[in-house]
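Input: a single structure, listed below in structure tokens.
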Amino acid sequence: MSQPSHAHDENCIFCKIAAGKIPSRRVYEDDEIFVFDDINPWAPVHFLMIPKMHIPSMAQVGPEQAALLGRMMVLAPKLALEKGCRPYPEGGFRIVTNTGAEGGQEVHHLHIHVMGGPRPWLKG
Ligand code: 5GP
Ligand code: ZN
């Protein structure tokens with residue numbers, strides 16, 4: 001799906017990562033979704049899934065994002081296994097989306113943390 005130019009924020013670090021203007025360790029990419037390793041991982045597997053469109057947080061999503069968010073959720077378990085998470089139920093993974101200051105959000109471009117791998121983890 002093509003996106004209008006206003007769908008990106010030129011000052012946003014994750015828009016720049018999705019556009020390849022800031023390097024990252026890419027895990028997956030399609031027309032609407034970009035996935036990359038977290039630069040400061042909390043767990044042996046820790047990657048971030050973002051929409052290429054600039055959506056600040058979960059507080060801004062509406063029905064028009066339902067299909068995109070659904071696709072991201074369906075993709076998460078597949079990528080978790082590819083990245084080395086062991087299968088459910090012994091293995092598994094954790095999905096987190098921090099939203100707003102009190103939700104612990106630091107980067108204001110919607111992102112889904114996917115974390116997994118053997119414990120202990122640094123956080124979580
Ligand atoms: P938040 O606290 O907003 O939920 O999480 C932001 C996450 O983005 C953090 O886990 C942080 O390590 C990661 N992060 C911030 N800047 C960069 C970057 O430039 N590259 C990558 N790969 N991850 C980043
Ligand atoms: Zn952005």
Side-chain angles (χ1 to χ4, degrees):
M1 190 179 84
S2 67
Q3 289 155 4
S5 55
H6 66 257
H8 301 103
D9 178 342
E10 61 187 22
N11 297 313
C12 170
I13 188 168
F14 283 2
C15 281
K16 289 180 186 168
I17 285 176
K21 292 175 187 160
I22 291 177
S24 68
R25 284 171 53 180
R26 188 179 62 177
V27 173
Y28 173 88
E29 180 174 12
D30 65 30
D31 285 353
E32 293 185 299
I33 299 168
F34 194 85
V35 184
F36 55 104
D37 285 332
D38 196 294
I39 206 167
N40 190 15
W42 305 355
V45 174
H46 186 173
F47 57 87
L48 303 174
M49 308 184 70
I50 65 172
K52 287 187 171 175
M53 176 187 291
H54 182 81
I55 303 168
S57 82
M58 283 299 290
Q60 285 78 30
V61 302
E64 59 279 20
Q65 277 85 41
L68 169 63
L69 291 171
R71 286 217 305 118
M72 291 171 79
M73 281 298 177
V74 169
L75 189 57
K78 180 174 175 284
L79 296 180
L81 286 176
E82 284 177 16
K83 289 292 286 176
C85 293
R86 293 194 304 136
Y88 176 92
E90 294 81 9
F93 50 86
R94 172 173 289 179
I95 288 176
V96 171
T97 298
N98 299 322
T99 304
E102 292 182 350
Q105 184 178 8
E106 291 178 357
V107 177
H108 290 265
H109 179 130
L110 194 158
H111 52 282
I112 299 172
H113 294 259
V114 182
M115 291 161 279
R119 288 179 179 270
W121 296 354
L122 207 59
K123 279 199 256 179

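In listed order, ligands and their atoms are each counted from 1.
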Centroid-centroid under 6.0 Å between [X] and [Y] rings:
X	Y	result
Phe47	Phe93	no
His111	His113	yes
His54	His109	yes

I'd like the atom pairs linking ligand 1 to the protein - N or O on both sides, separation under 3.5 Å - with distances to 0.1 Å.
{"from": "ligand 1", "atom 1": "2 (O)", "to": "Gly104", "atom 2": "O", "distance (Å)": "3.1"}
{"from": "ligand 1", "atom 1": "2 (O)", "to": "Glu106", "atom 2": "N", "distance (Å)": "3.4"}
{"from": "ligand 1", "atom 1": "3 (O)", "to": "Glu106", "atom 2": "N", "distance (Å)": "2.7"}
{"from": "ligand 1", "atom 1": "3 (O)", "to": "Val107", "atom 2": "N", "distance (Å)": "2.9"}
{"from": "ligand 1", "atom 1": "3 (O)", "to": "His111", "atom 2": "NE2", "distance (Å)": "3.0"}
{"from": "ligand 1", "atom 1": "4 (O)", "to": "Asn98", "atom 2": "ND2", "distance (Å)": "2.8"}
{"from": "ligand 1", "atom 1": "4 (O)", "to": "His111", "atom 2": "NE2", "distance (Å)": "2.8"}
{"from": "ligand 1", "atom 1": "4 (O)", "to": "His113", "atom 2": "NE2", "distance (Å)": "2.8"}
{"from": "ligand 1", "atom 1": "5 (O)", "to": "His111", "atom 2": "NE2", "distance (Å)": "3.1"}
{"from": "ligand 1", "atom 1": "5 (O)", "to": "His113", "atom 2": "NE2", "distance (Å)": "3.3"}
{"from": "ligand 1", "atom 1": "10 (O)", "to": "Asp38", "atom 2": "OD1", "distance (Å)": "3.2"}
{"from": "ligand 1", "atom 1": "10 (O)", "to": "Asp38", "atom 2": "OD2", "distance (Å)": "2.5"}
{"from": "ligand 1", "atom 1": "12 (O)", "to": "Asp38", "atom 2": "OD1", "distance (Å)": "2.5"}
{"from": "ligand 1", "atom 1": "22 (N)", "to": "Asp37", "atom 2": "O", "distance (Å)": "2.9"}
{"from": "ligand 1", "atom 1": "22 (N)", "to": "Ile39", "atom 2": "N", "distance (Å)": "3.3"}
{"from": "ligand 1", "atom 1": "23 (N)", "to": "Ile39", "atom 2": "N", "distance (Å)": "3.3"}

Side chains of [X] and [Y]: closer than 4.5 Å at any heavy-atom pair?
X	Y	value
Arg25	Phe36	no
Ile33	Ile50	no
Met49	Val114	yes

| query | Can you pull the side chain to side chain donor-acceptor pair (under 3.5 Å) pairs that have at least one residue in residues 98-107, sequence neighbours excluded? | reply |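 Checked against side chain to side chain donor-acceptor pair (under 3.5 Å) - neighbours excluded - no pair reaches residues 98-107.
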| Within the side chain of Trp121, is there an N or O that forms a donor-acceptor pair under 3.5 Å with the backbone of Gly117? |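 Checking the backbone N and O of Gly117 against the side chain of Trp121, a donor-acceptor pair under 3.5 Å is found.
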| said: Just to verify, what does Arg71 make a salt bridge (charged side-chain N to carboxylate O under 4.0 Å, His left out) with, not counting sequence neighbours? | reply: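 Expected list: Asp30, Glu32.
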| Counting only protein N/O/S, how many atoms fall short of 2.8 Å from the Zn ion (ligand 2)? |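 Under the 2.8 Å cut-off, the count stands at 4.
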